[in-house]
Q: 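Just dropping this structure here.
Note that the structure is predicted; figures quoted are calculated from it, not measured.
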Amino acid sequence: MSTLKNVLAKKIEEHRKRTTKLLVESGDVKISDVTIAQAIGGMRGVKGLVTDISYLDPFEGIRFRGYTIQEVMEGLPKPEGKDYPYVEGFFYLLLTGDIPTKEQAEEVVEDMKHRAKVPEYVFDILRAMPRDSHPMVMFSAAIVSMQRESEFAKAYNEGKFNKYNSWEYMYEDALNLMARLPQVGAFIYRLKYKGDTQIDPDPTLDLGGNFAHMMGLEPPYDEVARMYFILHSDHESGNVSAHTTHLVASALSDAYYSLSAGINGLAGPLHGLANQEVLAWIQQFMEKLGGQVPTTEQLKKIVWDTLNSGHVIPGYGHAVLRKTDPRYTSQREYCLKHLPDYPLFQLVSKLYEVVPDILKEQGKAKNPWPNVDAQSGVIQWYYGLTEYDFYTVLFGIGRALGVLANITWDRALGYPIERPKSVTTDMLEEYAKQAQEAKSNEHRA
Ligand code: AMX
């Protein structure tokens with residue numbers, strides 16, 4: 001058994017005791033109430049999910065297994081001469097909660113290399129699809145098409161499967177999928193935008209390095225890939241892609257079905273597609289201005305015009321965060337170091353100066369600050385990846401790290417099929433009436 005699987009098995013053994021104790025001794029302790037506004041309004045703020053992979057504080061931002069972005073980037077082992085850590089070592093951290101040693105991280109690098117072979121039929125399927133299909137459609141289809149490779153589904157069908165060992169099959173699927181996604185993504189990119197001129201994987205490279213190589217992008221794009229995949233990996237369980245993956249897996253669907261479903265959610269413009277939308281929006285108004293960088297006054301007008309036409313400002317706002325997204329800040333720091341004078345970066349920085357005040361003045365968005373997507377396209381564009389409808393695939397490869405770690409733990413802890421209860425509008429009106437009556441009785445008393 002690999003070190004990672006061994007360590008994970010021990011952690012699971014320990015953790016199961018905690019979950020059982022909570023259920024047996026404190027199962028009826030309340031952690032959340034639900035208002036009518038929350039039931040209608042997308043369950044915002046309702047605590048009803050459990051994950052230990054990451055936690056999102058509205059003001060501090062994301063912590064992966066208790067570590068801030070900076071601690072992750074500084075603390076994890078890195079390939080020789082590189083500034084950003086092995087993605088594989090980060091996956092070790094997400095799964096186990098431990099920062100791996102360099103040896104442990106490199107063991108995962110080697111393990112993933114052995115799992116990285118994408119079945120030929122996936123390429124045939126992708127080539128058979130209309131070339132103008134959105135890259136996220138291709139990505140999702142490629143993932144679900146590999147379902148026949150699922151160890152989890154095989155074990156289930158062969159009756160090997162029980163509540164205690166099912167995580168091991170999910171783990172195998174998670175690692176196999178994670179090892180293959182970079183090639184699937186790079187294949188789609190080169191199929192769609194580079195005339196199907198494919199670049200073979202280089203078995204000497206780590207996941208981030210190999211992705212850059214297969215995309216045909218020179219270093220330091222390998223560093224960008226490592227940073228990007230880590231930053232986009234997880235944002236606790238309630239976001240659409242993570243929640244969907246978890247929900248589908250709760251029906252004992254395997255990792256292929258579950259991840260593909262999560263990727264479909266990520267493809268929505270209010271979620272992962274926002275990174276593409278930011279670039280599309282910028283390109284649109286730059287075109288209107290004849291390529292000239294807008295002045296602050298012009299930018300303010302553009303932002304107001306966008307809002308007044310009923311559109312959201314892509315890359316701004318968040319359902320949980322109430323400050324600038326540290327994933328935005330992390331990418332901004334990269335830009336300040338590597339491309340401070342790049343006009344597109346300067347424009348995005350100017351937007352940062354203008355948009356929050358306008359959103360505050362408009363008074364609708366609860367969070368006027370930028371999220372991860374406001375900044376990410378700039379770096380991609382700078383390194384030559386200008387086909388912005390591909391950006392959400394990059395997000396998807398990263399997001400897979402978090403959601404696959406999550407569903408492995410879901411099986412390890414035996415979480416049941418997810419099934420919240422709904423009510424009807426008549427029932428809500430009855431609750432409202434009863435609350436009003438109770439209030440007037442209180443006044444009278
Ligand atoms: N521009 C304009 N209006 C915005 C806004 C923005 N960036 N963010 C929120 N609002 C509006 C909402 O549309 C809503 O309007 P309504 O009352 O007319 O329906 C109102 O402000 C209240 O919304 P909220 O409670 O602040 O946000 P939410 O939790 O409902 O939605 C989000 C969160 C991210 C969908 C929203 O902020 C948004 O649409 N942002 C732009 C798209 C985007 O960047 N998405 C990426 C998010 C990060 C990610 O998942 N990758």
Q: Kindly indicate, with the supporting measurements, whether the criterion salt bridge (charged side-chain N to carboxylate O under 4.0 Å, His left out) is fulfilled by Lys102 and Glu80.
A: CA-CA 10 Å; Lys102 192 156 194 211; Glu80 220 48 54; 2.9 Å; yes
Q: Stepwise, does the salt bridge (charged side-chain N to carboxylate O under 4.0 Å, His left out) test hold for Lys10 with Glu13?
A: CA-CA 5 Å; Lys10 284 194 187 120; Glu13 191 75 20; over 6 Å; no
Q: Give a yes or no answer on whether the side chain of Arg16 reaches the backbone of Gly414 with a donor-acceptor pair at less than 3.5 Å.
A: no
Q: Using the rule side chain to side chain donor-acceptor pair (under 3.5 Å), only one of Arg127, Arg190, Arg131 pairs with Asp196; which is it?
A: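 Testing Asp196 for a side chain to side chain donor-acceptor pair (under 3.5 Å) against Arg127, Arg190, Arg131 leaves exactly one candidate, Arg127.
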Q: Quick one: do the Ser140 and Ser260 side chains pair a donor with an acceptor below 3.5 Å?
A: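 Ser260 and Ser140 do have a side-chain donor-acceptor pair below 3.5 Å.
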Q: Is Tyr121 atom OH crowded by more than 12 heavy atoms from other residues, nucleotides or ligands, each under 6.0 Å away?
A: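 Counting other residues, nucleotides and ligands, OH of Tyr121 exceeds 12 neighbours.
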Q: List the atom pairs, donor and acceptor, that lie under 3.5 Å between side-chain atoms in residues 21-28 and the rest of the protein, sequence neighbours left out.
A:
| unit_1 | atom_1 | unit_2 | atom_2 | d |
| --- | --- | --- | --- | --- |
| Lys21 | NZ | Glu25 | OE1 | 3.3 |

Q: Say you draw a straight line from CD1 of Ile62 to OG of Ser330; how long is it, rounded to the nearest 0.5 Å?
A: 12.5 Å
Q: Has the side chain of His271 got a donor or acceptor atom that lies under 3.5 Å from a matching backbone atom of Ser241?
A: yes
Q: Just do the side-chain contact (heavy atoms from CB on, under 4.5 Å) check on Tyr193 and Asp389 with the steps written out, would you?
A: CA-CA 11 Å; Tyr193 310 108; Asp389 55 354; 2.6 Å; yes
Q: Report yes if the side chains of Tyr169 and Lys160 come closer than 4.5 Å at any heavy-atom pair, otherwise no.
A: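 Yes; the side chains approach each other to less than 4.5 Å.
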Q: Between His311 and Trp281, is the gap from one ring center to the other below 6.0 Å?
A: no
Q: Is any side-chain heavy atom of Pro182 closer than 4.5 Å to a side-chain heavy atom of Met214?
A: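 Yes, side chains in contact.
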Q: Would you say Gln276's side chain and Leu273's backbone share a donor-acceptor pair under 3.5 angstrom?
A: no
Q: For Tyr156, is the OH atom crowded, meaning more than 12 foreign heavy atoms sit under 6.0 Å from it?
A: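 No.
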Q: Decide side-chain contact (heavy atoms from CB on, under 4.5 Å) for Val393 and Met136; before the verdict, give the C-alpha distance in whole Å, the side-chain angles of both, and the deciding distance to 0.1 Å.
A: CA-CA 6 Å; Val393 174; Met136 284 297 273; 3.8 Å; yes
Q: Taking 4.0 angstrom as the limit, do Lys82 and Asp206 come out as a salt bridge?
A: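 Between Asp206 and Lys82 there is no salt bridge, as every charged N stays at least 4.0 Å from the carboxylate O atoms.
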Q: Among Ile282, Val278, Val348, Leu347, find the residue that satisfies the side chain to side chain contact (heavy atoms under 4.5 Å, CB included) test when tested with Val378.
A: Val348
Q: Between Asp57 and Arg63, is there a side-chain N and carboxylate O pair less than 4.0 Å apart?
A: no
Q: Is the backbone of Phe187 close enough, under 3.5 Å, to the side chain of Gln198 for a donor and an acceptor to pair up by distance?
A: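 Between the backbone of Phe187 and the side chain of Gln198 there is a qualifying donor-acceptor contact (under 3.5 Å).
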Q: Could you tell me whether Lys5 and Glu168 make a salt bridge, using a distance below 4.0 angstrom between a side-chain N and a carboxylate O?
A: yes
Q: Is atom CZ of Arg18 surrounded by more than 12 heavy atoms (other residues, nucleotides or ligands) closer than 6.0 Å?
A: no
Q: Looking at Glu223 and Asp83, would you say the former's side chain and the latter's main chain have a donor-acceptor pair under 3.5 Å?
A: yes
Q: Give a yes or no on whether the backbone of His232 and the side-chain of Arg399 come within a donor-acceptor separation of less than 3.5 Å.
A: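 Looks like yes, one N/O pair under 3.5 Å.
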Q: How long is the straight-line distance from OG of Ser2 back to OH of Tyr171, given to the nearest 0.5 Å?
A: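 Answer for the OH-OG pair, Tyr171 versus Ser2, is 3.5 Å.
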Q: Compare every heavy atom of Thr408 with every heavy atom of Ala174, then report the nearest pair and how far apart it is.
A: CB-OG1, 3.9 Å
Q: Just how far is it from atom OG1 of Thr244 to atom CG of Asn264, taken to the nearest 0.5 Å?
A: 8.5 Å
Q: Give the intermediate values and the outcome of side-chain contact (heavy atoms from CB on, under 4.5 Å) for residues Arg44 and Lys366.
A: CA-CA 12 Å; Arg44 209 67 88 257; Lys366 293 191 189 69; over 6 Å; no
Q: Tell me, do Trp381 and Gln283 make a side-chain contact under 4.5 Å, heavy atoms counted?
A: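 With C-beta onward as the side chain, the pair touches.
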Q: I want to check something: taking the side chain as every heavy atom from C-beta on, are Ile143 and Val184 in contact at a cut-off of under 4.5 Å?
A: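 Of all side-chain heavy-atom pairs linking Val184 with Ile143, none is under 4.5 Å.
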Q: Can a donor-acceptor pair be found, under 3.5 Å and without considering hydrogens, that links the side chain of Ser150 to the backbone of Gln147?
A: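 It does not hold such a pair.
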Q: side-chain contact (heavy atoms from CB on, under 4.5 Å), that's the test. Do Leu175 and Met178 meet it? Break it down for me.
A: CA-CA 5 Å; Leu175 261 86; Met178 211 50 247; 5.7 Å; no
Q: CE of Met43: more than 12 outside heavy atoms within 6.0 angstrom?
A: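 No.
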Q: Would you say that Pro370 contacts Asp325 through its side chain, given a criterion of any heavy-atom pair below 4.5 Å between the two side chains?
A: no
Q: Indicate yes or no: at least one non-hydrogen side-chain atom of Ile53 is less than 4.5 angstrom from one of Arg65.
A: yes
Q: Can you tell me how far the CD atom of Glu333 sits from the CD1 atom of Ile69, to the nearest 0.5 Å?
A: 9.0 Å
Q: Could you tell me whether a side-chain N or O of Glu236 sits under 3.5 Å from a main-chain N or O of Ser54, the two making a donor and an acceptor?
A: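 Not confirmed, Glu236 side chain does not pair with Ser54 backbone.
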Q: Would the distance check show the side chain of Gln380 and the main-chain N or O of Leu385 forming a donor-acceptor pair, the cut-off being under 3.5 Å?
A: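 Not a single qualifying donor-acceptor pair exists.
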Q: Would you name the heavy atoms of Tyr228 and Phe395 that are closest together and state the gap between them?
A: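 Heavy atoms of Tyr228 and Phe395 come nearest at CE2-N, 3.7 Å.
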Q: Hey, could you give me the CG/CD distance between Asp111 and Glu106, rounded to the nearest 0.5 Å?
A: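 Taking CG in Asp111 and CD in Glu106, the distance rounds to 13.5 Å.
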Q: Counting only heavy atoms not in Glu218 (residues, nucleotides, ligands), do more than 12 fall under 6.0 Å from its CD?
A: no
Q: Look at Glu110 together with Lys113 and state whether they make a salt bridge at an N to O cut-off of under 4.0 Å.
A: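 Counted as a salt bridge, because a side-chain N and a carboxylate O are separated by less than 4.0 Å.
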Q: Would you say that more than 12 heavy atoms from the other residues, nucleotides or ligands in this model lie under 6.0 Å from the CD of Glu158, or not?
A: yes
Q: Among Phe139, Phe390, Tyr391, find the residue that satisfies the ring pair (Phe, Tyr, Trp, His ring centres under 6.0 Å) test when tested with Tyr189.
A: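 Among Phe139, Phe390, Tyr391, the one meeting ring pair (Phe, Tyr, Trp, His ring centres under 6.0 Å) with Tyr189 is Phe390.
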Q: Testing the basics here: between Ile379 and Met227, what is the closest heavy-atom pair and its distance to 0.1 Å?
A: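 So the minimum-distance heavy-atom pair works out to CD1-CE, 3.8 Å.
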Q: Kindly check if the number of other-residue, nucleotide or ligand heavy atoms within 6.0 Å of CZ (Phe345) is above 12?
A: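 Counting other residues, nucleotides and ligands, CZ of Phe345 exceeds 12 neighbours.
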Q: Is the side chain of Glu107 donor-acceptor paired with the backbone N or O of Thr3 at a distance under 3.5 Å, no angle test?
A: yes
Q: Donor-acceptor pairs under 3.5 Å, side chain of residues 88-98 to any protein atom, not counting sequence neighbours: which ones?
A:
| unit_1 | atom_1 | unit_2 | atom_2 | d |
| --- | --- | --- | --- | --- |
| Glu88 | OE2 | Leu207 | N | 2.7 |
| Thr96 | OG1 | Tyr92 | O | 2.8 |
| Thr96 | OG1 | Asp98 | N | 3.0 |
| Asp98 | OD1 | Lys11 | NZ | 2.8 |
| Asp98 | OD2 | Lys11 | NZ | 3.1 |

Q: Would you indicate whether the side-chain heavy atoms of Phe161 and Leu252 approach each other to under 4.5 Å?
A: yes
Q: Which value, rounded to the nearest 0.5 Å, describes the distance between Asn239 atom CG and Leu266 atom CG?
A: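 If I round to the nearest 0.5 Å, the distance is 8.5 Å.
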Q: With a sphere of 6.0 Å drawn around CD of Glu430, does it hold more than 12 non-hydrogen atoms of other residues, nucleotides or ligands?
A: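 Yes.
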Q: With a 4.5 Å cut-off on side-chain heavy atoms, are Tyr67 and Glu74 touching?
A: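 Heavy-atom side-chain distance check fails, nothing below 4.5 Å.
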Q: Look at the aromatic rings of Tyr84 and Tyr334 and report parallel, tilted or perpendicular, splitting at 30° and 60°.
A: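 Aromatic pair Tyr84/Tyr334 classed tilted.
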